[in-house]
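Residues: numbered from 1 along the sequence shown.
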Amino acid sequence: MSDIIRLLPDSVANQIAAGEVIQRPASVVKELVENAVDAGATSIQVIIKDAGRTLVQVVDNGKGMSDTDARMAFERHATSKITQADDLFSLHTMGFRGEALASIAAVAQIDMRTMVHGADAGTRIQINGSKVESQIPEACAPGTNIMVKNLFFNVPARRKFLKKDSVEMANIMREFERLALVNPGLDFELINNDTPVHRMIGSSLKQRILDLFGKGLDKQLLPIGTSTSLVSIDGFIGRPEHSRRRNALQYLTVNGRHMRHPYFHKAIMSCYEPLIAADSQPNYFINFTVEPNSIDVNIHPTKNEIKFENEAAIWQILTAAVRESLGRFNAGPGIDFESTDAPEIPVFQPNANAGHSVDFDPSYNPFRQNPVQASSISRSSSGNSLRSTGVTSDWEQLYEGFMGMSETGSPEPVGGQFESEIKSVEAKLIDDESESGNALIDEASTIQVNNKYILAPTASGVMVIDQHRAHVKVLYEQFLRQLGEGEAHSQRIMFPEAVRMTASQSALLTDYAERLEECGFELSFLGDNTWSITSQPSILNGVKPQEALVRIIDDMLNEKPESQEESPRHIIALSMARSAAINGNRKLTAAERDHLLGELLKLPAPNYTPDGLSVISVIPSGDLASLF
């Protein structure tokens with residue numbers, strides 16, 4: 001038998017690595033700017049054309065490279081930042097793997113000029129899909145000027161799945177904002193298609209925040225700072241009254257590196273819980289400084305996920321620092337020691353009537369008397385509540401509409417009116433991965449758990465429904481149908497709402513404004529990344545237009561639709577559904593639960609939300625029995 005295992009050619013290995021490291025043009029910007037920072041640059045210029053498809057160029061005044069280093073920089077695992085495995089645990093640089101430049105060169109055309117400070121001449125190197133085509137001496141400015149052209153030119157499938165220019169540019173701008181934020185002392189400039197987007201000189205962290213996100217934040221930020229043997233924490237947190245339901249600015253950095261850390265985010269949120277609404281998020285810009293050997297940044301190729309050695313202790317230090325800042329600047333609720341727990345004493349009025357005494361008959365039962373007015377229980381037009389009008393003569397009459405009377409005149413279980421509807425959709429609840437696949441509801445009696453889940457008995461066990469996701473699914477189908485049938489109507493806003501966005505969001509909104517107006521929004525640009533909303537879709541009645549608009553833009557940045565032509569309508573419908581849906585912490589009446597369940601089961605595919613999240617889960621009877 002012949003041998004079948006072979007080493008991959010370097011060009012193929014580089015393309016595989018590029019799939020992890022270089023996901024889109026924004027990834028190229030991140031890697032090149034981080035290299036410039038590691039090279040000691042004090043001024044970094046980023047030039048973009050056609051959202052990075054045609055060109056991503058980064059110019060810096062760092063220390064530059066010799067002709068030999070310029071060639072070696074594009075070899076796999078070639079790096080100046082570590083020399084042995086132990087160096088991974090004492091990193092002081094952004095990069096260290098030696099994969100970024102090799103990965104970029106594998107899927108693009110490279111033209112780089114670089115020169116060491118004080119040298120007589122620099123070097124120019126040109127690479128085409130990992131193949132070095134030329135390297136010659138050339139006069140150039142000290143530092144490095146690298147141009148990445150025609151990204152994914154040799155990987156058509158990857159290039160095909162890039163999104164619209166507006167989406168890719170918005171992602172570039174978002175990445176640029178993160179890089180500029182974690183390096184406030186450096187000069188940064190971003191140019192898109194020959195138009196300057198950002199131009200910032202080195203400054204303090206607070207000034208960099210204001211340069212990126214607007215001077216309106218000046219009065220909203222509270223300083224935070226503490227220093228211990230484990231960690232030093234500094235930065236800014238937002239005042240509770242300026243928390244946002246959408247578009248909160250939340251940035252965590254460690255040793256000058258941007259990171260995602262849900263555990264520390266939860267620590268910050270725990271400090272705000274008594275001060276803000278449950279669905280609001282505070283702004284924060286917090287930097288952690290720790291010993292490099294106490295963190296591991298080598299978890300994910302993007303280096304955004306960081307593992308801390310002393311997470312539990314840092315949690316406590318962080319929460320103490322946040323609470324101290326909120327308390328020191330009177331951002332928390334104050335306590336009035338003069339009036340707290342004091343009894344309310346009515347004002348003495350000597351001429352006021354003392355009132356009349358009332359004889360109380362404990363045997364009196366109003367429901368055994370003749371009715372003054374017949375009672376009726378009717379469902380509201382929205383189907384979300386029951387209301388009583390008048391007085392009734394007995395309990396059976398009171399609950400006649402609510403309980404639903406059977407043919408024999410006896411009351412059926414609550415929600416019985418949906419029994420036939422639920423039974424008719426048994427097939428819709430079949431889960432392809434479930435052996436039984438049987439979720440037929442025996443009785444429509446439902447209960448709510450933790451104000452989040454709806455439980456209903458079925459022939460095969462218990463059906464559990466996530467109420468928020470269920471409502472998202474119902475509203476999505478409704479919105480999508482109305483948008484597709486051209487039934488989207490505008491509702492005029494009495495007082496126009498102004499919403500300030502980040503530069504990346506505003507750039508994307510500029511491109512999609514016309515599509516959003518077709519859906520019922522009426523928008524106008526006020527300058528400085530601020531937009532005015534004068535009308536919104538009537539189907540969003542009751543939802544704040546600013547929150548709905550920001551959510552739509554954020555979802556357009558993050559969603560991965562299969563069809564770009566269909567995506568705006570799909571994303572808009574889903575975003576509006578998410579905005580308008582009941583949250584996961586709301587108590588529902590029995591009628592509201594029944595109505596939501598009935599509307600959900602009418603749909604052709606009720607088991608999942610449009611973005612693939614599970615709506616319904618069935619706990620089989622066998623699993624219930626095994627518990628006992």
Please find out if less than 6.0 Å separates the ring center of F236 from that of F285. no
Okay, side chain of Q220, backbone of H242: is any donor-acceptor separation there less than 3.5 Å? no
Lys/Arg N to Asp/Glu carboxylate O, R578 vs D611, below 4.0 Å: yes
Give the C-alpha distance, both sets of side-chain angles, the deciding distance and a yes or no for salt bridge (charged side-chain N to carboxylate O under 4.0 Å, His left out) between K602 and E477. CA-CA 11 Å; K602 289 179 182 178; E477 295 293 344; over 6 Å; no
Do P606 and K473 have side-chain heavy atoms sitting under 4.5 Å apart? no
Could you tell me whether R24 and E175 make a salt bridge, using a distance below 4.0 angstrom between a side-chain N and a carboxylate O? no
Test your reading of the model: is there a side-chain donor-acceptor pair from Q467 to the backbone of R586, 3.5 Å cut-off? yes
Using 4.0 Å as the upper bound for N to carboxylate O, is an ion pair formed by E547 and R244? no
Hey, can you tell me if Y263 and W315 have their rings parallel, tilted or perpendicular (30° and 60° cut-offs)? tilted
Are any non-hydrogen side-chain atoms of L318 and C271 less than 4.5 angstrom apart? no
Under a plain distance cut-off of 3.5 Å, with no hydrogens placed, do S579 and R551 share a side-chain donor-acceptor pair? no
Mark yes or no for whether T609, through its side chain, and R469, through its backbone, hold a donor-acceptor pair below 3.5 Å. no
Would you check if the distance from the ring center of H261 to the ring center of F288 is below 6.0 Å? no
Taking the six-membered ring for Trp, is the centroid-to-centroid distance between Y272 and Y284 below 6.0 Å? no
Strictly by modelled atom types, are E599 and Q478 linked by a side-chain donor-acceptor pair under 3.5 Å? no
Quick one: do the D528 and T530 side chains pair a donor with an acceptor below 3.5 Å? no
Would you say the side chain of L252 lies within less than 4.5 Å of the side chain of R260, judging by non-hydrogen atoms? no
